[in-house]
> 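This is the structure, below, for whatever I ask next.
So that the names make sense, note that chain A is the first sequence line, chain B the second, and so on, each numbered from 1. The shown structure was predicted, so the numbers you read here are calculated from the model rather than taken from an experiment.
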Protein chains: 2
Amino acid sequence: MKDYKSMLKEYNLKATPQRMYMISEIEKSGHIDIDNLYESLQTFFPYISLATVYKNINSMVDNGFLTEVKVPHKKSRYEITKESHAHLFCKECGKLEDIFINTEALYNEAMQNSNYQITDILVTFEGICKECQKLKSEG
Amino acid sequence: MKDYKSMLKEYNLKATPQRMYMISEIEKSGHIDIDNLYESLQTFFPYISLATVYKNINSMVDNGFLTEVKVPHKKSRYEITKESHAHLFCKECGKLEDIFINTEALYNEAMQNSNYQITDILVTFEGICKECQKLKSEG
DNA sequence: CTGACTGCAAACGTTTTGCACGGTA
DNA sequence: TACCGTGCAAAACGTTTGCAGTCAG
């Protein structure tokens with residue numbers, strides 16, 4: 001298992017087996033929602049409580065170790081906090097992927113056209129992924 | 001009152017007083033969440049049910065008359081569907097505003113760097129609005 | 001050893017549903 | 001008149017809380 005212990009310690013969280021497995025699952029899937037996370041945890045921890053999953057997700061989000069990603073028409077998903085990036089969301093299969101784009105122009109445009117002091121830019125591209133395009137064309 | 005009747009008819013919805021007032025409130029505020037909408041409806045319809053507000057919001061969203069806007073750490077807000085635009089969100093006071101930006105470059109970048117067929121781009125700028133900046137500096 | 005974490009059950013807030021009545025078209 | 005929309009109450013969800021026992025540091 002990766003060095004999840006020190007990752008947690010860095011964020012002042014105790015390294016319990018449940019938490020370490022949560023992190024490994026989130027890392028593996030990239031983005032995961034509560035229900036899928038709970039389900040996959042159950043194979044390792046048959047008696048784990050949904051409340052525990054919520055509590056851990058909340059504390060990890062609160063101290064910045066995880067980031068919540070709101071998705072159109074779906075439950076929120078969680079990812080390990082990393083450098084600023086955008087998301088690709090497939091509205092056919094619900095898949096969510098990272099995409100790194102340059103938001104400097106956006107930032108400048110928004111700063112010029114508003115009187116906000118902008119601190120973050122959230123970008124989600126909605127569309128159809130390659131696999132779903134193929135499925136549709138094969139019909 | 002504006003021509004809310006024909007707006008609703010266009011979307012195959014019956015023009016009830018409750019719905020027309022809902023639309024006028026959403027239009028007036030730009031973006032509104034369920035609770036505030038319910039509250040403002042009560043001054044006109046003291047016996048209106050929250051369930052009615054939900055049912056109407058859902059049917060209007062379902063057929064595209066309204067659009068749901070997900071906001072960080074807040075309940076969703078609803079706006080009358082209009083041409084593509086981005087949002088400014090003040091994380092101090094929670095205000096949400098429209099901002100029109102050019103997303104062509106973004107679109108091109110995402111099309112080139114992914115194999116998605118992109119249909120929509122959701123952009124939210126998070127920051128601090130002018131009024132809250134002032135309040136903070138006066139602090 | 002102590003405080004933090006876990007699992008369970010209950011509580012809570014939000015949203016949806018079923019139904020009888022009333023209003024729109 | 002027929003059907004859709006309304007209000008009410010109850011149900012269904014999703015999430016949080018309180019508590020007693022356990023574990024990580």
Side-chain angles (χ1 to χ4, degrees), chain A residues 1 3-26 32-63 65-66 68-78, chain B residues 1 3-26 32-63 65-66 68-78:
Chain A
M1 211 179 247
D3 197 10
Y4 298 132
K5 197 171 242 174
S6 41
M7 293 169 80
L8 284 165
K9 202 175 289 181
E10 228 176 284
Y11 285 88
N12 298 310
L13 295 167
K14 287 197 175 176
T16 65
Q18 289 89 336
R19 281 180 181 165
M20 291 195 281
Y21 190 72
M22 280 178 72
I23 301 179
S24 79
E25 275 304 302
I26 296 172
I32 199 166
D33 66 22
I34 295 277
D35 297 337
N36 284 303
L37 183 54
Y38 177 52
E39 196 181 347
S40 78
L41 282 162
Q42 282 176 311
T43 69
F44 262 67
F45 308 95
Y47 298 107
I48 195 171
S49 162
L50 231 197
T52 299
V53 182
Y54 274 106
K55 285 173 191 168
N56 283 339
I57 285 283
N58 288 341
S59 52
M60 294 190 207
V61 169
D62 288 347
N63 59 33
F65 180 63
L66 296 182
E68 179 181 359
V69 183
K70 294 202 174 196
V71 180
H73 318 116
K74 303 275 181 184
K75 278 202 187 185
S76 287
R77 301 189 194 166
Y78 299 88
Chain B
M1 214 179 246
D3 200 10
Y4 298 130
K5 196 171 240 172
S6 41
M7 293 168 82
L8 284 165
K9 200 175 290 181
E10 229 175 282
Y11 284 88
N12 298 312
L13 295 167
K14 286 196 175 175
T16 65
Q18 289 89 334
R19 281 178 180 168
M20 291 196 281
Y21 189 72
M22 281 177 71
I23 301 178
S24 78
E25 275 303 302
I26 296 172
I32 198 165
D33 66 22
I34 295 277
D35 297 337
N36 284 304
L37 183 54
Y38 178 52
E39 196 182 346
S40 77
L41 282 161
Q42 282 177 311
T43 69
F44 259 70
F45 307 95
Y47 298 107
I48 196 171
S49 162
L50 231 196
T52 298
V53 181
Y54 274 105
K55 284 173 191 167
N56 284 339
I57 285 283
N58 286 342
S59 52
M60 295 189 207
V61 168
D62 287 348
N63 60 32
F65 180 62
L66 296 182
E68 180 180 359
V69 183
K70 295 201 175 195
V71 179
H73 319 115
K74 302 277 181 181
K75 278 203 185 182
S76 288
R77 302 189 193 166
Y78 299 88

> Take the protein atom CE of A/Met20 and the nucleotide atom P of D/dC23, then report the distance between them rounded to whole Å.
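Taking atom P of D/dC23 as the reference, CE of A/Met20 is at 14 Å.
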
> Using atom CG of A/Asp62 as one end and atom P of C/dA4 as the other, report the distance to the nearest whole Å.
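Taking atom P of C/dA4 as the reference, CG of A/Asp62 is at 15 Å.
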
> Using OP1 and OP2 only, check whether a side-chain N or O of A/Thr16 sits under 4.0 Å from C/dT6.
yes

> Hey, is A/Asp35 close enough to A/Lys75 for a salt bridge, meaning N to O under 4.0 Å?
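Salt bridge flag = yes for A/Lys75 with A/Asp35.
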
> Return whichever of B/Ala51 or B/Leu13 has its heavy-atom-nearest nucleotide of DNA chain C closer to the 5' end.
B/Ala51

> Could you state the atom-to-atom distance from CG of B/Asn12 to P of D/dC3 in whole Å?
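After rounding, the gap between these two atoms is 16 Å.
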
> At under 4.0 Å between heavy atoms, what does B/Thr52 touch on the DNA or RNA strands: base, sugar-phosphate, or nothing?
base

> Taking B/Arg19's backbone N and O only, do any of them form a donor-acceptor pair with B/Asn56's side chain (distance below 3.5 Å, no angle check)?
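Between the backbone of B/Arg19 and the side chain of B/Asn56 there is no qualifying donor-acceptor contact (under 3.5 Å).
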
> Between B/Lys9 and A/Asn56, which has a closest nucleotide on DNA chain C that is more 5'?
A/Asn56

> For B/Tyr47 and B/Lys14, find the nucleotide of DNA chain D closest to each by heavy atoms; which residue's nucleotide sits nearer the 5' end?
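Between the two, 5'-proximity favours B/Lys14.
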
> Answer with base, sugar-phosphate or nothing: what part of the nucleic acid does B/Ile48 contact at a heavy-atom distance below 4.0 Å?
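The residue B/Ile48 makes sugar-phosphate contact but no base contact.
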
> Looking at D/dG7, does its base get a donor-acceptor pair with the side chain of B/Lys55 below 3.5 Å?
yes

> Please state whether the phosphate of C/dG7, meaning OP1 or OP2, lies under 4.0 angstrom from any side-chain nitrogen or oxygen of A/Gln18.
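For C/dG7, OP1 or OP2 has a side-chain N or O of A/Gln18 closer than 4.0 Å.
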
> How long is the line joining CZ of B/Phe45 and P of C/dG22, in whole Å?
18 Å

> Starting from C1' on D/dG5, measure out to CE on B/Met22 and report it in whole angstrom.
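Taking atom C1' of D/dG5 as the reference, CE of B/Met22 is at 12 Å.
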
> Taking the side chain as everything from C-beta on, heavy atoms only, tell me whether A/Phe65 gets closer than 4.5 Å to A/Ile23.
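SC-SC contact between A/Phe65 and A/Ile23 confirmed.
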
> Check the distance between C/dT6's C1' and A/Leu50's CG and give it to me in whole angstrom.
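It works out to 13 Å between those atoms.
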
> Output the rounded distance in Å from CZ (B/Arg77) to P (C/dT14).
15 Å

> Looking only at side-chain N and O atoms, does A/Asn58 come under 4.0 Å of OP1 or OP2 in D/dT16?
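Answer yes for this pair, as a side-chain N or O of A/Asn58 is under 4.0 Å from OP1 or OP2.
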
> In whole Å, I'd like the distance from the OH atom of A/Tyr21 to the C1' atom of C/dC5.
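In whole Å, C/dC5 C1' lies 20 Å from A/Tyr21 OH.
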
> Do B/Met22 and B/Ile57 have side chains that approach each other closer than 4.5 Å (heavy atoms only, starting at C-beta)?
yes

> In the structure I gave you, are the side-chain heavy atoms of A/Met20 and A/Leu8 within less than 4.5 Å of one another anywhere?
yes

